[in-house]
Protein chains: 2
Amino acid sequence: MRDFTKKLRVLLIDDNANHLRGIKELISLETSYNVVGATRNANLGLGLIKKYRPDIVLMDINMPEKDGLQTIQSINKLGISTNVVILSGYDDSDLIYRAMKLGARGYVLKTMASSKLIDAIETVADGKIYLPSVLTTRFFEYFQNAAKEETKVAAGENLLTTLTGRENEVLDLLTQGINYKSIAQKLIISETTVKTHVNNIFQKLQVNDRTNAVLYALTHGFKPSLTAQSEQMAAA
Amino acid sequence: MRDFTKKLRVLLIDDNANHLRGIKELISLETSYNVVGATRNANLGLGLIKKYRPDIVLMDINMPEKDGLQTIQSINKLGISTNVVILSGYDDSDLIYRAMKLGARGYVLKTMASSKLIDAIETVADGKIYLPSVLTTRFFEYFQNAAKEETKVAAGENLLTTLTGRENEVLDLLTQGINYKSIAQKLIISETTVKTHVNNIFQKLQVNDRTNAVLYALTHGFKPSLTAQSEQMAAA
DNA sequence: AATTATCTAAACCATAAGATTGAGAAAAAC
DNA sequence: GTTTTTCTCAATCTTATGGTTTAGATAATT
């Protein structure tokens, strides 16, 4: 939970000097904020983050040398729990998607009223995500489209459903790259039985070797049966 | 764009009779809405959607026979551009994530003020996504966590980088489930050469069979080299 | 009671896959 | 100009994999 007795420590990163100055002044007007740093260079900014551990990092996403997305990743690698709010000139759905995927907690357009920026900082400092409704829509358009691509393959009539319980267990082990001998040991059956199961799996999945069976399973959303999972648990 | 001269056609699906009645009355108060149907059964609801093509479907996500997530999928299969708004008693991040992933356009908690429901309908009818800030946060917590899992594997020191150009081409074909003879034909080299490459790949990836090489490639973000891709293009 | 599905297993065979050693040619790096 | 890497290939060998048939024991279904 946020501690309201202390000032919020904010760090600014924007390669545009004018923007940087403008934002700094804007935020300085708020008595509850403390700008611990402001820099035009992303790498310098990383150093400042390491040093000052700000609560919030306001960062432009379009920068020449090191771009915003890379910088978010670098921050992640530091393992510091800093909340990144992205400043961007574009409401590009791909950009928003990638920034949020990498762990950004907020995304604000530079064209928005300055009060929105304060809103964003407050919201994020409060542990929530800040995304204006237009950007939320942009994000989900992209997200749902990506999801559709994923499930498209899994959609069609899935041959995996024709597998019996035991065949599912065997396929599960196959997808772990285990050979017949080990599978036989794990399931406590003979190796020839494993072969029988595997051949039946091949027939049902319409493939003729292990690799293609595994590929089919992975690209068609194969999920090991619960019994098989619990056995894995027990083995671990 | 929304046509404000026509009433919004809304369909309700909720297995709880009281909820259903309550929501119906609430929406009927709005003169700009027209409830084209209200049912307690998801499958019946699907039929009504097919018949009336409503602009908005308000649907409970917790239903006994056919659950809300399945119903969203069924609607998707119909290929009808209906906007689904989910009604739920829980702000469960996994549930929100899956509903939105499947294409829901809004998510409203039953505990919220009824005005929020109207907000949601308006927002979604306007082509936007409606997610209350608490739910947005829930969603992103889940989303970013899932994304982290994805990239985690691809992060570590990746043995794939040690592969030579030719080895990459061979591995690419391996991940397509192609056998040695066919690989030899595709690359116009002898089968023994393929074996040599494959053995080198095994050494570098520290595995000892095709299946595990393929699994390693897939779980470590293997992307076929550009040259290999262009050859695929040419072959298609 | 009879049928069907599932799991188990053996025997046999064919071959694809994997391991190993050695080696020449060309390209890249030093 | 020498060394190293990469790509190529052969020969040999072992073994894991895959194909097929047959069949007994249960369990589920009708």
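Worth knowing before you read on, the calculation uses all heavy atoms, side chains too, and leaves out hydrogens, waters and symmetry mates. Protein chains get the first letters and strands the later ones, always in sequence-line order, with residue 1 at the start of each. Note that the coordinates shown come from a computational prediction; the quantities given were computed from them, not determined experimentally.
Protein atom CD of A:E167 is 8 Å distant from nucleotide atom C1' of C:dT6, rounded to whole Å. Here the P atom of nucleotide D:dT22 and the NZ atom of A:K195 are 18 Å apart, to the nearest Å. B:I201 places its CD1 atom 13 Å from the P atom of D:dT6, with the value rounded to the nearest Å. The interatomic distance linking B:K181 (NZ) with D:dC9 (P) rounds to 16 Å, in whole Å. For the pair B:N200 CG and C:dG22 C1', the computed distance is 14 Å after rounding to whole Å. The nearest whole Å value for the distance from the CD1 atom in A:I189 to the P atom in C:dT8 is 5 Å. For B:I178 and C:dA17, the CD1 to C1' distance is 16 Å, given to the nearest whole Å. The CD1-P distance, from B:I188 to D:dC9, rounds to 11 Å in whole Å.
In this model, the phosphate group of C:dA10 is approached by a side-chain N or O of A:S190 to a distance below 4.0 Å at OP1 or OP2. Close to C:dA17, at under 4.0 Å from its OP1 or OP2, lies a side-chain N or O of B:R210.
Picking from C:dC7, D:dC9, C:dA9 the nucleotide with the shortest atom distance to the side chain of A:T164 gives C:dC7. Nearest to the side-chain atoms of B:N199 among the listed nucleotides D:dG18, C:dG18, C:dA10 stands C:dG18. The side chain of A:V198 approaches D:dG18 more closely than any other nucleotide in the set D:dA16, D:dG18, D:dC9.
Of the two residues near DNA chain D, B:T196 and B:T162, the one whose nearest nucleotide lies more 5' is B:T162. For the pair B:D209 and B:H197, both in contact range of DNA chain D, the more 5′-proximal nearest nucleotide belongs to B:H197. Of the two residues near DNA chain C, A:K204 and A:E191, the one whose nearest nucleotide lies more 5' is A:K204.
Ring to ring, A:F139 and B:F140 are close: their centroids are under 6.0 angstrom apart.
Taking a cutoff of 4.0 Å between a charged side-chain nitrogen and a carboxylate oxygen, B:D92 and B:R138 do not qualify as a salt bridge.
A:Q144 contributes no side-chain N or O that, together with a main-chain N or O of B:L102, makes up a donor-acceptor pair within less than 3.5 Å.
Among the heavy atoms of the strands lying under 4.0 Å from B:T192 is at least one base atom, whether or not backbone atoms are also near.
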Exercise. Is there a side chain to side chain donor-acceptor pair (under 3.5 Å) between A:T196 and A:N199 once you walk through the steps?
Worked result: CA-CA 5 Å; A:T196 308; A:N199 270 295; over 6 Å; no
For this session: Start with the C-alpha distance between B:F143 and A:F143, add both sets of side-chain angles, then the distance that settles ring pair (Phe, Tyr, Trp, His ring centres under 6.0 Å), and finish with yes or no.
Result: CA-CA 10 Å; B:F143 171 72; A:F143 171 71; 5.6 Å; yes
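Between the side chain of A:T193 and the base of C:dC7 there is no donor-acceptor pair of N/O atoms closer than 3.5 Å.
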